[in-house]
Amino acid sequence: MSASVCLRGWAPPERGPPRRGMAAQRAPESVYNLLPRLEERPVKPPRYVSTFRPSVKCETEKSKAQWKTMGPAKVEVPSPKNFLQKHSKEPKLPERKKEQDSRKMPTLSVPRKTDHPLMGIQSKKNFINANAVAAIMGLAKKPQPVYVDRRQGDKHLLETSGLVPKYVKKKDYGIIPKYVTQRDEEIKRAQKEHEAYILESLKKRAMKRLSDEERNSVLQGLKKNWEEVHHEFQGLSVDIDTIPKKMHKEKLESQMKQLEHDIDVIEKHKVIYIANE
């Protein structure tokens, strides 16, 4: 016990300032430093290895295999005969096939050298009389319709000018197209559906009229409620000196006013309608 007390109260003697490097080499003086300690070195975690390492390594070896030596890999030298020629890179059309069977020589309208005309044939037709009869019996030639844009201008065909009403003479002129009639029918059908929906919604939201019996029963119920509230109001204390008493009195007064207003409205109007929710 005495030894332990001496050790606890013991302090090293005062010395001068330590030299440079001495404080770093010497450990702090303590009883716990008398016994040697084992140095605990931190355990390093296992090194991280990517799962894609073998695939990446294989790819790099493939790409670098041709460049392991100086310069590119040895390949076959191109032949000097295969030099680049003019128009060699242009697209070439396939060769045209000779279609001798499909092509036949057209028949000549010119008489051949060996052909001889028929000689000695005479016609007894009177061409002068025939031409006169054709001119007399034939229809007169109608003049071609033209138009002139100005007094001394050139003549132009009237048919291609756009002034002739050709569209009016078509068979389907004035007939309403089918798509127009279909569209009108769809519009009418949509309008009818919309009107039916509006009528149905109005019927749902139509107001219901109260019968005389229901009106009298509602009026009697309001009067009964007013009497109950008035009886409770009459039973209040004379001295209203606290806030809850004041609030209760105000509440009863507001209920009585509302009931009086409802009773007055029902008594004035004999016909009452209620809106359906």
Side chain to side chain donor-acceptor pair (under 3.5 Å) filter on E200, not counting sequence neighbours, yields none

task: Report yes or no: do I176 and Y179 belong to one cluster of Ile/Leu/Val/Met/Phe/Trp/Tyr joined by side chain heavy-atom distances under 4.5 Å?
output: yes

Taken to the nearest 0.5 Å, the spacing of I266 CD1 from N216 CG works out to 10.0 Å

To the nearest 0.5 Å, atom OG of S254 lies from atom CD of Q258 at 8.5 Å

Donor-acceptor pairs are to be reported for all side-chain atoms of residues 218-238 against protein atoms at under 3.5 Å, with residues two or more places apart or in another chain.
residue, atom, partner, partner atom, Å
K223, NZ, E267, OE2, 3.4
N225, ND2, G221, O, 3.3
W226, NE1, E260, OE2, 3.1
H230, NE2, Q234, NE2, 3.1
E232, OE2, H248, NE2, 3.3
S237, OG, D239, O, 3.2

_Using 30° and 60° as the class boundaries, would you call the ring planes of Y147 and H156 parallel, tilted or perpendicular?_
tilted

- Is there a donor-acceptor contact under 3.5 Å from the side chain of N82 to the main chain of S79? no

CG of N126 to NZ of K124, rounded to nearest 0.5 Å, is 13.5 Å

dist H269:NE2 -> L210:CG (nearest 0.5 Å) comes out at 13.5 Å

For I121, does the CD1 atom sit with more than 12 other heavy atoms under 6.0 Å from it, leaving out its own atoms?
yes

Rounding to 0.5 Å, atoms CD1 (I136) and CG (N131) come to a distance of 11.0 Å

The residue among V168, L163, V164 that forms side-chain contact (heavy atoms from CB on, under 4.5 Å) with K166 is V164

>> Within a 6.0 Å radius of atom CD1 on I128, are there more than 12 heavy atoms belonging to other residues, nucleotides or ligands?
In response: no

- Message: Would F83 and Q85 count as a side chain to side chain contact (heavy atoms under 4.5 Å, CB included) here? Give the steps.
- Response: CA-CA 6 Å; F83 57 90; Q85 298 181 359; 3.6 Å; yes

Pair K270-R215, side chain to side chain contact (heavy atoms under 4.5 Å, CB included): steps then yes or no:
CA-CA 8 Å; K270 293 183 179 181; R215 177 176 171 275; 4.3 Å; yes

Separation between CZ (R53) and OG1 (T51), nearest 0.5 Å, reads 12.0 Å

Which pairs would a plain distance check flag for residues 181-199, meaning a side-chain donor or acceptor within less than 3.5 Å of a matching protein atom at least two apart in sequence or in another chain?
residue, atom, partner, partner atom, Å
T181, OG1, K178, O, 2.6

TODO: Check the pair E159, Q144 against side chain to side chain contact (heavy atoms under 4.5 Å, CB included), reporting the backbone distance first and the verdict last.
DONE: CA-CA 9 Å; E159 188 176 358; Q144 196 172 12; over 6 Å; no

